[in-house]
Amino acid sequence: MADKSIVILISGRGSNMEAILAAALPARVAAVISNNPDARGLAVAAARGVTPVVVDHRRYADRARFDAALAAEIDRYAPDLVALAGFMRILTGAFVARYDRRLVNIHPSLLPAFPGLDTHRRALAAGVWIHGCTVHFVTPAVDDGPIIAQAAVPVAPDDTEERLAARVLAEEHRIYPQAIRWICEGRIVLGPDNRVQVRDRGQALGALVSPPLD
Ligand code: GRF
């Protein structure tokens, strides 16, 4: 089977993008696109041999025009999958519909808990014992959509936001390439109930066990 093609969208550091680029996947990253010309991840992509592309949202009058320009750029690569990796723009319903079942995101919380920003600070403030990250299909609602994979980490009583963020990020780098691998291998099925079914779920869960406290 021919390798799948992926386009990754970033806005900043790009560490999840780098984890995907570094993973041995049955897929080729055709392009990395950033809405932010100053995104640190652009240089990281270039260093790994992927030509970085900028579609600067500030050059477009409104969200719809930016999304149309972004879609035009993405479609040049005809990707099987579009992966949001720290992409900090809210996408229009038209954009999300265009990439229906082909658009995935990583979010730094155990959704549906803590959608939105500042997830680690909010998790600490709420006093949760367990925190984590989620890979999901994207729907028009922010940080919503069928869950593909999750990983949990323990929260220490004296955790700082930075320590907790680092612990979660390590898991993000593990499960995002894993989820993309499952999708590329055809192991992910979105059921009629809009829930994700993973073939060989037991084996899949085994890949998501949480690490001990550091
Ligand atoms: C990650 O925590 C991701 O879950 C969130 O934004 C952050 C992006 O980090 N959506 P990076 O750019 O991948 O390093």
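The figures that follow rest on heavy atoms only: side chains count, while hydrogens, waters and symmetry mates do not. When a ligand or atom number is given, it counts from 1 through the structure's own listing order.
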How would you list all residue pairs meeting salt bridge (Lys or Arg N to Asp or Glu O under 4.0 Å) that involve residues 90-117, not counting sequence neighbours?
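Sorted result for residues 90-117: Asp75-Arg98.
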Pairs meeting criterion salt bridge (Lys or Arg N to Asp or Glu O under 4.0 Å) with involvement of residues 21-40, two or more places apart:
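Salt bridge (Lys or Arg N to Asp or Glu O under 4.0 Å) check on residues 21-40 returns no pairs.
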Check ligand 1 for close polar pairs with the protein: N or O on both sides, less than 3.5 Å.
{"residue": "ligand 1", "atom": "2 (O)", "partner": "Glu172", "partner atom": "OE1", "Å": "3.1"}
{"residue": "ligand 1", "atom": "2 (O)", "partner": "Glu172", "partner atom": "OE2", "Å": "3.0"}
{"residue": "ligand 1", "atom": "4 (O)", "partner": "Ile106", "partner atom": "O", "Å": "3.4"}
{"residue": "ligand 1", "atom": "4 (O)", "partner": "Glu172", "partner atom": "OE1", "Å": "2.6"}
{"residue": "ligand 1", "atom": "4 (O)", "partner": "Glu172", "partner atom": "OE2", "Å": "3.4"}
{"residue": "ligand 1", "atom": "9 (O)", "partner": "Arg13", "partner atom": "NH2", "Å": "3.1"}
{"residue": "ligand 1", "atom": "10 (N)", "partner": "Ile106", "partner atom": "O", "Å": "3.2"}
{"residue": "ligand 1", "atom": "12 (O)", "partner": "Gly14", "partner atom": "N", "Å": "2.8"}
{"residue": "ligand 1", "atom": "13 (O)", "partner": "Ser15", "partner atom": "N", "Å": "3.3"}
{"residue": "ligand 1", "atom": "13 (O)", "partner": "Asn16", "partner atom": "N", "Å": "2.9"}
{"residue": "ligand 1", "atom": "13 (O)", "partner": "Asn16", "partner atom": "ND2", "Å": "3.0"}
{"residue": "ligand 1", "atom": "14 (O)", "partner": "Arg13", "partner atom": "NE", "Å": "2.5"}
{"residue": "ligand 1", "atom": "14 (O)", "partner": "Arg13", "partner atom": "NH2", "Å": "3.2"}
{"residue": "ligand 1", "atom": "14 (O)", "partner": "Ser15", "partner atom": "N", "Å": "2.8"}
{"residue": "ligand 1", "atom": "14 (O)", "partner": "Ser15", "partner atom": "OG", "Å": "2.5"}

Salt bridge present between Arg59 and Asp56 (N-O < 4.0 angstrom):
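Salt bridge absent between Arg59 and Asp56.
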Charged N-O contact under 4.0 Å between Arg163 and Asp159
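Yes, Arg163 and Asp159 are salt-bridged.
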Partners of Arg48 by side chain to side chain contact (heavy atoms under 4.5 Å, CB included), sequence neighbours excluded?
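With sequence neighbours excluded, Arg48 shows a side chain to side chain contact (heavy atoms under 4.5 Å, CB included) to Glu18, Leu21, Ala22, given in chain and number order.
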Should the pair His131 and Phe114 be assigned to parallel (<30°), tilted (30 to 60°) or perpendicular (>60°) ring geometry?
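Plane angle over 60°, so perpendicular.
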